[in-house]
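Read through the structure below, which is laid out as structure tokens, and then see the notes.
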Amino acid sequence: MVLLGTVGVAALLPARGAAADVADAGATGAVALLFFLYGARLSARETLDGLRHWRLHLTVLGCTFLVFPLLGLAARGLVPTLLTPPLYAGLLFLCLVPSTIQSSIAFTSIARGNVPAAICAGSFSSLAGIALTPLLAAALLGADAGGFSPGSLAGIVVQLLLPFLLGQVLRRRIAAFLARHKKVLGLVDRGSILLVVYTAFSAGMAAGIWHQVSLPRLGALLLVEAVLLAVMLLASWYGAGSLGFDRADRIAIQFAGSKKSLAAGLPMASVLFGAQASLAVLPLMLFHQMQLMVCAALARHRARDADRDPERDADGDPERDADRDPDPAPAPAVPQRAPGHVAEVSPTPQHPAARAR
């Protein structure tokens with residue numbers, strides 16, 4: 001709702017002239033700060049500890065950076081009947097963005113899946129996306145993205161990669177500070193994203209974005225994204241099953257391999273697309289809202305399945321398994337008596353006065 005409200009503010013009160021320059025400079029600094037905080041929060045040790053689930057992580061990376069882009073390329077056939085070239089460029093960029101971390105963990109936990117695997121899978125995807133998303137965009141989008149060129153990779157390095165690496169270097173020194181001010185820094189994260197959205201859509205208003213996207217085109221885009229999300233949810237679930245993963249791992253793969261990160265995609269789009277970022281991020285924003293609603297319902301459905309069949313919830317989150325009630329102690333075995341044997345009966349405890357009598 002706040003994102004939609006920010007788009008509304010940009011439509012009614014777009015930044016123009018000197019105000020636009022200030023907003024652009026603020027968005028540039030906010031993006032650098034955002035990726036600095038990403039680097040400072042991500043523990044390289046925890047990420048390396050998750051390498052033992054390498055098959056799972058490779059499966060998630062394959063869904064995110066192989067299957068998604070292939071589907072995006074296949075959607076080129078929808079131009080110009082359903083999608084305009086700028087909307088298709090945004091849809092293809094959506095397919096190149098890394099997976100989420102927070103929502104993947106949350107939905108995996110609700111569905112009683114492998115939460116540690118979801119944490120590591122989301123972390124690996126975010127790390128890989130810093131390099132893979134710009135490279136794939138340079139190879140697949142090129143000049144069709146409206147001003148994007150391989151030379152924009154330098155902007156990615158300066159504005160995204162260097163702050164991230166600086167955060168990794170300073171992590172040990174500032175980890176305690178970040179932990180103490182977690183709530184405030186969470187507001188900084190959201191504020192940075194909202195500033196990027198406001199700046200992008202202000203530029204879009206100046207370029208006449210709403211004259212380029214009609215309601216029928218917007219409806220067609222929503223339909224295409226709904227099909228894309230459904231295909232990825234089914235492919236990640238049944239594909240993981242065919243690869244021999246258990247239920248807990250399949251849940252982690254489904255939620256980490258079918259979603260795209262708005263937090264990572266918006267800053268990248270602002271760097272890569274420049275003035276054309278408004279149309280580029282529109283498909284990503286719509287997909288983000290759609291995936292949250294669909295995956296929330298799906299996670300509750302998976303949890304209900306686990307309640308109906310508790311045996312299917314094995315091999316899941318070890319922390320969750322530790323919280324379960326232990327199995328009831330087995331009843332003491334009753335010794336078998338031979339036929340005709342009279343069992344000895346313990347004397348009934350008596351009051352001391354009765355024993356004296």
Side-chain angles (χ1 to χ4, degrees), residues 1-34 78-80 82-95 97 100 141 144-148 152 155 159 186-226 228-229 260-294:
M1 296 302 295
V2 175
L3 280 172
L4 295 177
T6 303
V7 173
V9 172
L12 296 175
L13 299 171
R16 301 179 185 275
D21 295 336
V22 173
D24 289 337
T28 300
V31 169
L33 176 61
L34 193 64
L78 302 177
V79 180
L82 289 179
L83 301 176
T84 62
L87 285 180
Y88 170 71
L91 179 69
L92 184 55
F93 174 72
L94 149 71
C95 295
V97 170
T100 62
L141 286 169
D144 295 336
F148 172 76
S152 299
Q159 197 171 344
L187 296 176
V188 172
D189 287 353
R190 293 171 176 84
S192 300
I193 294 172
L194 294 178
L195 182 57
V196 170
V197 171
Y198 175 77
T199 303
F201 277 88
S202 291
M205 287 300 298
I209 178 178
W210 300 117
H211 298 292
Q212 304 176 38
V213 183
S214 62
L215 285 178
R217 293 287 189 184
L218 195 60
L221 176 62
L222 287 172
L223 177 61
V224 171
E225 291 191 339
L228 176 64
L229 178 59
K260 292 296 183 176
S261 172
L262 184 69
L266 285 178
M268 289 183 178
S270 68
V271 176
L272 295 174
F273 292 89
Q276 301 296 323
S278 53
L279 276 179
V281 302
L282 182 60
L284 179 59
M285 289 179 60
L286 296 176
F287 189 84
H288 179 265
Q289 302 300 325
M290 186 183 299
Q291 72 184 11
L292 290 181
M293 293 184 289
V294 172

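Counting from 1, the numbers follow the sequence of the chain as shown.
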Using 0.5 Å steps for rounding, measure from the [atom1] atom of [X] to the [atom2] atom of [Y].
X    : Y    : atom1 : atom2 : value
T199 : D21  : OG1   : CG    : 11.0 Å
T6   : L194 : OG1   : CG    : 4.0 Å
H288 : M293 : NE2   : CE    : 10.5 Å
L292 : F287 : CG    : CZ    : 10.0 Å

Q. In terms of heavy-atom contacts, does CG of L187 have more than 12 from other residues, nucleotides or ligands at under 6.0 Å?
A. yes
Grab the two heavy atoms, one from [X] and one from [Y], that are nearest each other, plus how far apart they are.
X    : Y    : answer
P267 : L262 : CD-O, 4.2 Å
A89  : L141 : O-CD2, 3.8 Å
E225 : L284 : OE2-N, 4.4 Å
L195 : A27  : CD2-N, 3.7 Å
L282 : L218 : CD2-CD1, 4.2 Å

Q) Ignoring hydrogens and geometry, is there a side-chain-to-backbone donor-acceptor pair from Q291 to K260 under 3.5 Å? A)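 Between the backbone of K260 and the side chain of Q291 there is a qualifying donor-acceptor contact (under 3.5 Å).
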Q. Taking side chain as C-beta onward, heavy atoms only, is L228 less than 4.5 Å from L94?
A.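 Yes; the side chains approach each other to less than 4.5 Å.
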**Q.** Residue pair M268 / V97, side-chain heavy-atom distance below 4.5 Å
**A.** no
Got a list of side-chain donor-acceptor pairs under 3.5 Å for residues 8-19, not counting sequence neighbours?
none

Q | Sequence-distant partners of T84, side chain to side chain contact (heavy atoms under 4.5 Å, CB included), two or more places apart | A |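 Side chain to side chain contact (heavy atoms under 4.5 Å, CB included) check on T84 returns P86, L87, R217.
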Q. Who passes side chain to side chain contact (heavy atoms under 4.5 Å, CB included) against S192, sequence neighbours left out?
A.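 S192 satisfies side chain to side chain contact (heavy atoms under 4.5 Å, CB included) with A30, L34, V188 once adjacent residues are dropped.
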